[in-house]
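Worksheet: one structure, shown below.
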Amino acid sequence: MAITTVPETPRKPGRPPSPYSARPQRTSLGRKVRDNLTGHAFLIGAVLCFVVFSWYPMVRGIIMSFQRTRRGETTWVGWDNYSRIIADPSFWTAWQNTFYFTVLALALGYVVPFFVAILLNEFRHAKGYLRILVYLPVMLPPASALFLFKFYAYDPSEAGLFNAILKALHLPTSQWMQSPEMTMPAMVLASTWMNMGGAVLIYLASLQNIPGELYEAAELDGAGIWRRIVHVTIPQTRLILALLAMLQIVATMQLFIEPLILANGAGAEDSATSVAYLIYQHGFFQNDLNGAAALGVIMLVVLAGFSAVYVRLTAKQD
Amino acid sequence: MSVPQYRKAAAVALVAGLGLSLTACSTKSDDKGSTAGGKVTITVDCQPVGAQKELLKNWNDDVAEFQKQNPDITIKSVSVGEQCNNPPDFTARLAGGTVTDVFYGYMTDLQQVLDSGQAMDISPHVNKDAIPTWDSVDPALKEVFTDGGKLYAVPVKNYSMGLVYNKALFQQAGLDVNNPPKTWAEVRAAAKKISALGNGIAGYSEYSAGNTGGWHFTSLLYSQGGRVLTEDGKKADFNNAMGKQVLQNLKDMRYGDNSMGARQLLQWGDLLTNAGAGKVGMFIGAPDATQAIVSQFQGKFQDWAMAPLPGQDGAAKGTLGGGEGYFFKKDLTPEQVKAGLKWIAYQKLTPGKGQFDYVRAKPQNYPVGLPQPLLFANGSDAQKQELELRKANANVDTANFALFEATPVPIKGEPRNAQAVYAVLDAAMSGVLTNPNSNIDALLKTAEEKVNQLLAAES
């Protein structure tokens, strides 16, 4: 067995002397810009992009959420848009649907790719082909993939792909997107199929970084496959697991294209209305851009909250 | 570079960037060369898209002819793709201030356009001198685009709903094509026979998504004599026996008779795609639905006919009407407004020209003979002229629309805040069409609460 030595971690090395401390503190800005012209040119481009396409719309959205435009006159209305949007009965339906989707997506879309990655990692042959096969759906434009599901897989008649399979197996068929109960599971299924490839590749990369010695040691200790997964794989990939969980939550809570295409918007009895779709509904169908902005800000706060929890948790783990 | 200096540099870059972007934005407002050299330039939207070759050629020919007649006016046409029949696109352009000088909108869009502050009061400019047929235009349509005594748009199209039915399927099902259903009970009976043909054919088809469900619920309610909102427009008024009857009819057909097909949650294009494929026996729609079936969804004109909207026990008590018009962007010069009105008069409101150029449309297989657009008032000079031209050049069998035309049903306009109300009512429609155990009372109560909240918030 190979003997590995762990380098001793230096204890509180102290702050290294600043490389700038010996330099003169004040040089003209023009000189600095001239010295790093290329770098600054790149910086300006990036900053401009962020300002124009990310920060400005965000700030503008926040301002709009406190305003009301009527007859071309914009007035400051304080929290009015927020109270109005919260009073909308669809508000809670949308959050309920969105959380339900997120939970289902975590249960399916998060766990399944992990096990698929473990499975792929175990294969000795045709690894490359299998990875391509798993990644293939990611290359399909989401709208095309969803139309395939809508018109072929989820066709509520017996001619539909899934219903034909269920019938062949002597199982009861489903109304799929037309059944309020099936709307969310069906959307999660389609979404998982579409997005699984990316997550699988990330998991695979992470799995391949786990030193083989750990598995060898576990096997010598008599650990079976489940114990190896629980005691080696999961602890070794916990950072990636945490990161993907976070990304999954943030992405799934912005659920929009699935209801828009699979359910033509709100779905059966509003069962597909997500928060993002409600924003779209308010902004573009109800002529209520200010209400849409308020709902957008609420969503931003909730997602920021999740991100903060993630940062805190991962910081503690480190 | 020290950290504070680096920040300073970034700040300078930021300010410079912002300055640049603001400068770039400000160039838009410099576009005031609209009246340079005595020539007036106006931008107008809804130029047909490239794929609609004949329509685009017609449009370009109209522009060329108009400019020949008016050498001092330049028309800049803008094709905005789906904007002319897609509410989200329209809202985005309105909010972004990127509408053209003369821009298209639905009759339901007036409040939205006014709220955006983009429209101009054109009352002082619109008269017989600007639009020669103005006195013939139905006053009810002018009223739809009027707010506080001020006119904001020129109506260019009007429609009302009726029962559209497939003659070929009627014949196959042994139904009399000349005696289509007059009541909802008859619709139900006919739908059963048509769906019995099998092969995935729906006897009757209905919308329930993308606001179109609410739109049709409103029309069905009008047929019963009901209304969506109270007279003052402040409360919902559909949670009653008539609203219940509308949903009950649909639920009975969907689950009692199984005559509405398996696939629901349909919106505009979905239903017409099925209709074009010969899979729909009946649906309610405007005369131009048949036009869309043919031009966009590969159907055949000779298969389709129209009857008046059915009523619950006898003739329908009302039908939904709607339409479209052209608004004028605020801050246009009086010369531009005048030029815009002249263009609309030429392209949209002159019998024999533009949309009424039936001589040109006839050989292009573009439908002539549909009882639409209902723009001119009954008995007016323009109406007489337009009717004569239409009859002389009809290329569709006008007998297919004779019943619809001969039995007019009182037209009612769309409710206040129509699109938002329709969005709420979609859920009630989808409820009865997708859930065999749906509770109609609960669906109506929920929709009523939502609409009342929506209206209260808007006031």
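What you see is a predicted model; the values in this text were computed from it and never measured. Letters A, B, ... mirror the listed sequences (proteins, then strands); counts begin at 1.
- Only the side chain of B/Asp147 comes within contact range of chain A, with heavy atoms under 4.5 Å apart.
- Ring planes of A/Tyr280 and A/Phe285: perpendicular class, angle over 60° (limits at 30 and 60°).
- Ion pairing of A/Arg68 with A/Asp80 is absent here, as no side-chain N (NZ or NE/NH1/NH2) approaches a carboxylate O to less than 4.0 Å.
- Your options are B/Gln264, B/Gln118, B/Glu449, and the one with the most heavy-atom pairs under 4.5 Å with chain A is B/Gln264.
- Interface remark: of the candidates B/Ser438, B/Gly431, B/Ala428, B/Gly431 forms the most heavy-atom pairs closer than 4.5 Å to chain A.
- Using a 4.5 Å cut-off between heavy atoms, A/Gln178 contacts chain B through both its backbone and its side chain.
- For chain A, the nearby part of B/Asn211 is the side chain; its heavy atoms alone come within less than 4.5 Å.
- Defined by atom type and a distance below 3.5 Å, a donor-acceptor pair is missing between the side-chain atoms of A/Asn290 and A/His282.
- Contact annotation for A/Phe91: neither backbone nor side-chain heavy atoms come within less than 4.5 Å of a heavy atom of chain B.
- With a threshold of 4.5 angstrom between heavy atoms, A/Ser90 approaches chain B through its backbone and through its side chain.
- Using a 4.5 Å cut-off between heavy atoms, A/Ala268 touches chain B through backbone and side chain atoms alike.
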Test side chain to side chain donor-acceptor pair (under 3.5 Å) applied to B/Lys244 and B/Asn239, step by step: CA-CA 7 Å; B/Lys244 196 173 170 178; B/Asn239 185 10; over 6 Å; no

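- Salt-bridge formation is detected for the pair A/Asp288/A/Arg84: a Lys NZ or Arg NE/NH1/NH2 atom is positioned less than 4.0 Å from an Asp or Glu carboxylate oxygen.
- Your options are A/Gly265, A/Ser83, A/Pro156, and the one with the most heavy-atom pairs under 4.5 Å with chain B is A/Pro156.
- Salt-bridge check for A/Asp270 with B/Lys450: passed, with a basic side-chain N closer than 4.0 Å to an acidic carboxylate O.
- Taking the six-membered ring for Trp and thresholds of 30 and 60 degrees, A/Phe66 and A/Tyr82 have ring planes inclined between 30 and 60 degrees apart.
- By the 4.5 Å heavy-atom criterion applied to side chains, B/Tyr106 and B/Phe90 are not counted as neighbours.
- Neither the backbone nor the side chain of B/Leu94 comes within contact range of chain A, judged by heavy atoms closer than 4.5 Å.
- When B/Gln112, B/Lys330, B/Gln111, B/Met429 are compared by the number of non-hydrogen pairs under 4.5 Å with chain A, B/Gln112 comes out ahead.
- Interface residue B/Asp270: only side-chain heavy atoms are found under 4.5 Å from chain A.
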